[in-house]
Chemist: 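Dropping the structure in here first, questions after.
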There are 2 protein chains.
Amino acid sequence: MHSRSPASRTGRPRSATADAAILAATRAALVELGWSKLTLGDVATRAGVAKTTLYRRWSGKNELVVDAVAELFDELELPDSGSLAADIEGVVLQFAAILARPEAKSGLMAVVAEATRDDALRERIRESVVDRQKRLVLEGRSRAQARGELPPEPDPVTASRTADLIFDMVAGAVVHRTLVSGEPVDEEWVRGFTLVLLRGLAAEAAHPAAG
Amino acid sequence: MHSRSPASRTGRPRSATADAAILAATRAALVELGWSKLTLGDVATRAGVAKTTLYRRWSGKNELVVDAVAELFDELELPDSGSLAADIEGVVLQFAAILARPEAKSGLMAVVAEATRDDALRERIRESVVDRQKRLVLEGRSRAQARGELPPEPDPVTASRTADLIFDMVAGAVVHRTLVSGEPVDEEWVRGFTLVLLRGLAAEAAHPAAG
DNA sequence: GGGCTTTCGCTACGAGTCGTAGCGTAATGC
DNA sequence: GCATTACGCTACGACTCGTAGCGAAAGCCC
């Protein structure tokens, strides 16, 4: 989560209940009000805590919403369905289901927008949201290579680059479809997407093709 | 741009200079302050107009920023470079160059986030930003089909669906790479991306593979 | 030129939010 | 019991919002 260091061993400990209540209240406020109309005073009232308590734990709206939205991605798991295509389809559908929730929609993109001018916020998003998604890509590829569906990478540099490319293609397409195009990520779309991606990757691996 | 109807033929006309000054001031404020710290009063001061003038033309921050950012995409053009791969790479590099500018970064994602709770705003973004990008996809495919690089579509329904898929994959990947991963869209990345996409599409077209 | 209409710049305003300070109280560890 | 920290509460100045009202300016039409 946020700060983990138990810098203080003495004194009254912070209420763990309050943390959970604040984050839940933040998500509820995101659903009802959206990002722009969400105020920290309102969140504090919903959570049943004082506004000052909220400010003692989070430095502002951005950090609070990142933590509140990050919890939504806890449920993301890579299903071991036996084939790479099914793995991808399963993860994409899970990711899309989370992204379709109103608290994720209005909150996530807003903090990403803010992160363009705030390096610390960008790093916070990376740690609590993005890296968890990226790990699924790495794990999925490793499984597919073990099954022989994808060839092993020749060197770690291109392996890392390809993983980054795949991640941006998968997450980017789903996010863009959901938030910009405003169309649902249903099974039909996922099938078409997976088809294009997988065949592109298989062919790309067969023909390394460095320009 | 915004309202096109010259509803009033009489009276003092609106200053066209003011419109341009306000939009330019908005972009300047986005660069210096970012989305969250941008205030309409400050934009009015920068543009040399009264705050009330600004409110007469735009209903709020969201609509103003959409128009200001939309102008950045005016320069987007499809280069006729002779091959589909070169066309894609050219457009992607143009798109990425625009998206890398700070006024686009901080403004565009913020209004997209707001648009998740505002249908009118979403439509405004679609008209002034998204559709112009989408047209390039349609045009590029049509050229590639004329060249024989892509097979003609069997029916208009799947043609439309495939175009939507390609658009979300291209725009999504570039946006995600730029804003979420925070990595540059350089020529090396574009080559790898185009390779995967094109080979996926060519194979997909060869094997229609429904269900 | 005279009149009509709309826009313009300016000032001022109530409402709402921000983030902080100060206080007395509650809950821990030693 | 004592030191230390977190808590709830209240209050505060600073800021932004969006609007109203005013006199002046800049166009059309006769």
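In the text below, chain A, chain B and the rest are named by the order of the sequence lines, each starting its count at 1.
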Chemist: Rounded off to whole Å, could you give me the CG-to-P distance for the A:L54 and D:dA6 pair?
Modeler: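 In whole Å, D:dA6 P and A:L54 CG are 15 Å from each other.
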Chemist: Could you state the NZ-C1' distance from A:K61 to C:dT17, rounded to the nearest angstrom?
Modeler: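 Rounded to the whole Å, the gap is 10 Å.
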Chemist: Nearest to the side chain of B:T10 - D:dG8, C:dT28, C:dT5?
Modeler: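 Closest nucleotide among those given: C:dT5.
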Chemist: Expressed as a whole number of angstroms, how long is the span from B:I22:CD1 to C:dT7:P?
Modeler: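 Roughly 13 Å, once rounded to whole Å.
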Chemist: Measuring from the side chain of B:R12 (C-beta onward, heavy atoms only), which nucleotide among C:dG29, C:dT6, D:dT16 has the closest atom?
Modeler: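 Minimum distance to the B:R12 side chain belongs to C:dT6.
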Chemist: Which of the following nucleotides, D:dT19, D:dG8, D:dT16, is nearest to the side chain of A:T53?
Modeler: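 Closest nucleotide to the A:T53 side chain: D:dG8.
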Chemist: Tell me, with the steps shown, if A:K37 and A:E32 meet salt bridge (charged side-chain N to carboxylate O under 4.0 Å, His left out).
Modeler: CA-CA 9 Å; A:K37 294 183 179 175; A:E32 287 184 31; over 6 Å; no
Chemist: Need to verify one output field. Residue with the more 5' nearest nucleotide on DNA chain D, B:G11 or B:G41?
Modeler: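 Residue closer to the 5' terminus by nearest nucleotide: B:G41.
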Chemist: Using only heavy-atom distances, decide whether a donor-acceptor pair under 3.5 angstrom links the side-chain of A:K51 to the base of D:dG8.
Modeler: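 No.
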Chemist: Determine whether B:E188 and B:R191 satisfy the following criterion, salt bridge (charged side-chain N to carboxylate O under 4.0 Å, His left out), listing intermediate values before the conclusion.
Modeler: CA-CA 5 Å; B:E188 179 182 8; B:R191 268 197 294 269; over 6 Å; no
Chemist: Over how many whole Å does the gap from B:R56 atom CZ to D:dC22 atom C1' extend?
Modeler: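 In whole Å, D:dC22 C1' and B:R56 CZ are 12 Å from each other.
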Chemist: A:L40 CG to C:dG19 C1': how many Å, rounded?
Modeler: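 Those two atoms, CG and C1', are 9 Å apart.
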Chemist: Could you report the tightest heavy-atom contact between B:R177 and B:V185, atom names first, then the distance?
Modeler: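 Scanning both residues, the minimum pair turns out to be CG-CG2, 3.5 Å.
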Chemist: C:dT7 phosphate, OP1 or OP2: any side-chain N/O from B:R14 under 4.0 angstrom?
Modeler: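 Answer is yes, contact under 4.0 Å.
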Chemist: By nearest nucleotide on DNA chain D, pick out whichever of B:L38 and A:G48 is the more 5' one.
Modeler: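 Here A:G48 is the residue nearer the 5' end.
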Chemist: Nearest to the side chain of A:A50, which nucleotide is it out of C:dC10, D:dC9, C:dT28?
Modeler: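 Closest of the options to the side chain of A:A50: D:dC9.
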Chemist: Could you state the atom-to-atom distance from OH of A:Y55 to C1' of C:dT17 in whole Å?
Modeler: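 Checked: the OH to C1' distance equals 8 Å.
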Chemist: Can you give me the closest heavy-atom contact between A:R122 and B:V180, atom names plus distance?
Modeler: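 Heavy atoms of A:R122 and B:V180 come nearest at NH1-O, 3.9 Å.
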Chemist: Identify whether any heavy atom of A:T52 sits under 4.0 Å from a base atom; if not, whether one sits that close to sugar-phosphate; answer base, sugar-phosphate or nothing.
Modeler: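 Since a base atom lies under 4.0 Å of A:T52, the category is base.
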Chemist: Enumerate, atom names and distances included, each donor-acceptor pair closer than 3.5 Å involving a side-chain atom of residues 163-172 of chain A, sequence neighbours excluded.
Modeler:
unit_1: A:D164; atom_1: OD1; unit_2: A:K134; atom_2: NZ; d: 3.1
unit_1: A:D168; atom_1: OD1; unit_2: B:H176; atom_2: ND1; d: 2.8
unit_1: A:D168; atom_1: OD1; unit_2: B:S181; atom_2: OG; d: 2.7

